[in-house]
2 protein chains.
Amino acid sequence: MEQVDIFKALSNKTRLQILEWLKDPETSFPEQKANGYANGVCVGQIQAKAGLTQSTVSDYLSVLQRAGFVTSTRMGQWTYYKRNEEAFEHLSTLIKSAL
Amino acid sequence: MEQVDIFKALSNKTRLQILEWLKDPETSFPEQKANGYANGVCVGQIQAKAGLTQSTVSDYLSVLQRAGFVTSTRMGQWTYYKRNEEAFEHLSTLIKSAL
DNA sequence: AAGTTATATCGGTTTTTCCCGATATATAGA
DNA sequence: TCTATATATCGGGAAAAACCGATATAACTT
């Protein structure tokens, strides 16, 4: 994954929003409270909140994952996505040093 | 300037490269040594190094300027661009806090 | 096995970005 | 003023991204 692709992943309002939502899943996705948030939030919840089609949101989550900003866990029929805080730390450092 | 536009400005290989070049103008633009680097580097030098047309490079520099990553100074027929380090600091902080 | 639900992938249309050539503007010098 | 040089802006063709619907895959339920 090249540097420019990291920034491309962040060059979309919806994707930025998803990352912000995942920062505080308890608040952003209360519907999932029963299942907990240990592995993140499932695609359906994110899709509903984003107001885009299922295919688009699935696509966006792949983009974010390829860039390292989220990780996914398959549990039964659901795929849960959660933030990978290391990626943000890393990017923050990179901007200071390499950029 | 919205957050997403900051990242769009960084979503291009040439623009990223220009920012890196401007980090160390003495090394990247030795041709300009006679004139000094106090105000940055003029468009022509950047264009020659980028290997793109004058209009494209001028455009790219505008994009970087609108996003705050560079500032420009007009001196005679030349426009000099240099990095605005504050913008990078700011972005680095933003990624840790807001993103 | 058949039906249901959740997600991923595929093909295509629309929108945006990339990058160009042509032209306009600004400054300097003869 | 006329000419040359440096940069900015404008209009457009080509490439990439956004986003969709349709369909495929995977796992659960009965």
Side-chain angles (χ1 to χ4, degrees), chain A residues 1-19 22 29 31-32 34-37 39-67 69-82, chain B residues 1-19 22 29 31-32 34-37 39-67 69-82:
Chain A
M1 184 60 64
E2 296 193 44
Q3 221 176 81
V4 67
D5 295 308
I6 305 288
F7 292 117
K8 280 185 182 176
L10 299 176
S11 293
N12 176 281
K13 270 191 177 182
T14 304
R15 287 196 296 266
L16 285 178
Q17 187 121 69
I18 291 171
L19 291 174
L22 291 179
F29 302 98
E31 312 83 358
Q32 202 182 285
N35 300 56
Y37 303 96
N39 293 294
V41 179
C42 70
V43 180
Q45 304 283 356
I46 299 169
Q47 190 229 319
K49 193 153 175 120
L52 295 172
T53 63
Q54 187 271 320
S55 60
T56 298
V57 172
S58 176
D59 231 7
Y60 282 4
L61 289 167
S62 292
V63 170
L64 291 174
Q65 184 173 32
R66 276 197 299 276
F69 292 116
V70 298
T71 57
S72 71
T73 311
R74 182 91 188 195
M75 291 190 62
Q77 13 185 191
W78 292 274
T79 306
Y80 294 89
Y81 284 88
K82 71 173 176 185
Chain B
M1 183 61 64
E2 297 193 45
Q3 221 176 79
V4 67
D5 295 308
I6 305 289
F7 293 117
K8 281 185 182 176
L10 300 176
S11 293
N12 177 279
K13 269 191 177 183
T14 304
R15 288 196 295 266
L16 285 178
Q17 187 120 67
I18 290 171
L19 291 174
L22 291 178
F29 303 97
E31 311 83 358
Q32 202 182 284
N35 300 56
Y37 303 96
N39 294 294
V41 179
C42 69
V43 180
Q45 305 283 357
I46 299 169
Q47 190 229 319
K49 195 156 175 114
L52 294 172
T53 62
Q54 188 271 320
S55 60
T56 297
V57 173
S58 176
D59 230 6
Y60 281 5
L61 288 167
S62 293
V63 170
L64 290 174
Q65 184 173 32
R66 277 196 300 276
F69 293 115
V70 298
T71 57
S72 70
T73 312
R74 181 93 191 192
M75 291 190 62
Q77 17 184 188
W78 292 274
T79 306
Y80 294 89
Y81 284 89
K82 71 171 173 185

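Note: hydrogens, waters and symmetry copies are ignored here, and every other heavy atom, side chains too, is used. In what follows, chains carry the letters A, B, and so on, assigned in the order in which the sequence lines appear, proteins first and then strands, with residues in each chain numbered from 1.
Side-chain atoms of A:Tyr80 and A:Asn35, non-hydrogen and from C-beta on, do get closer than 4.5 Å to each other. You'll find the side chain of B:Val63 stays beyond 4.5 Å of the side chain of B:Phe69, heavy atoms only. When side chains are defined from C-beta on, B:Thr71 counts as touching B:Lys82, because their heavy atoms get closer than 4.5 Å.
In this structure, the CD atom of B:Gln17 is 15 Å from the P atom of C:dC18, given to the nearest Å. With rounding to whole Å, A:Trp78 atom CH2 is found 16 Å from D:dT25 atom C1'. Rounded to whole Å, the distance from CD on A:Gln47 to P on C:dA6 is 10 Å. C:dA6 atom P lies 10 Å from atom OH of A:Tyr80, rounded to whole Å. Atom NZ of B:Lys13 is separated from atom P of D:dA15 by 17 Å (rounded to the nearest Å). When the P atom of C:dC18 is taken as reference, atom CG of B:Leu10 falls 11 Å away, rounded to whole Å. Put simply, CD on B:Gln45 is 14 Å from C1' on D:dT5, counting in whole angstrom units.
Rounded to the nearest 0.5 Å, atoms CG (A:Asp59) and CG (A:Leu64) are 10.5 Å apart. Taking OH of A:Tyr60 as the start and CG of A:Leu19 as the end, the distance is 12.5 Å to the nearest 0.5 Å.
Contact check, A:Thr79 against C:dA8: a side-chain N or O comes under 4.0 Å of OP1 or OP2.
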What nitrogen or oxygen pairs link the protein and nucleotides 15-17 of chain C at under 3.5 Å?
residue, atom, partner, partner atom, Å
C:dT17, OP1, B:Lys8, NZ, 3.0

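Here the side chain of A:Arg15 pairs no donor or acceptor atom with the backbone of A:Gln17 at under 3.5 angstrom.
The side-chain hydrogen bond (donor to acceptor under 3.5 Å, both in side chains) check on B:Ser62 picks up nothing, with sequence neighbours excluded.
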For residues 39-57 of chain B, tabulate all N or O donor-acceptor pairs below 3.5 Å that involve a side-chain atom, not counting sequence neighbours.
residue, atom, partner, partner atom, Å
B:Gln47, NE2, B:Leu52, O, 3.0
B:Lys49, NZ, B:Ser28, O, 3.1
B:Thr53, OG1, B:Ser55, OG, 3.3
B:Thr53, OG1, B:Thr56, N, 3.3
B:Thr53, OG1, B:Thr56, OG1, 2.9

Please tabulate, for the side chains in residues 4-11 of chain B, all donor-acceptor contacts under 3.5 angstrom to protein atoms that are two or more places apart in sequence or on a different chain.
residue, atom, partner, partner atom, Å
B:Ser11, OG, A:Phe7, O, 3.3
B:Ser11, OG, A:Lys8, N, 3.4
B:Ser11, OG, A:Ser11, OG, 2.6
B:Ser11, OG, B:Phe7, O, 2.8

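Across all strands shown, B:Tyr81 has heavy atoms under 4.0 Å from sugar-phosphate atoms exclusively, and none from any base.
Distance from the side chain of A:Cys42 is smallest to C:dT7 among D:dA27, D:dA8, C:dT7.
Contact between A:Tyr37 and A:Gln32 at its shortest, heavy atoms only, is OH-C, 3.8 Å.
One end of the helix from C:dA1-D:dT30 to C:dA30-D:dT1 points its axis 10° away from the other end's axis, with each axis taken from 5 pairs and the angle rounded to 10°.
With hydrogens and angles ignored, no donor-acceptor pair closer than 3.5 Å exists between the side chain of A:Gln77 and the base of C:dT7.
A heavy atom lying under 4.0 Å from DNA chain C marks the following residues of residues 48-65 of chain A, by number: A:Gln54, A:Ser55, A:Ser58.
Counting heavy atoms of neighbouring residues, nucleotides and ligands inside a 6.0 Å radius, atom CE of B:Met1 exceeds 12 of them.
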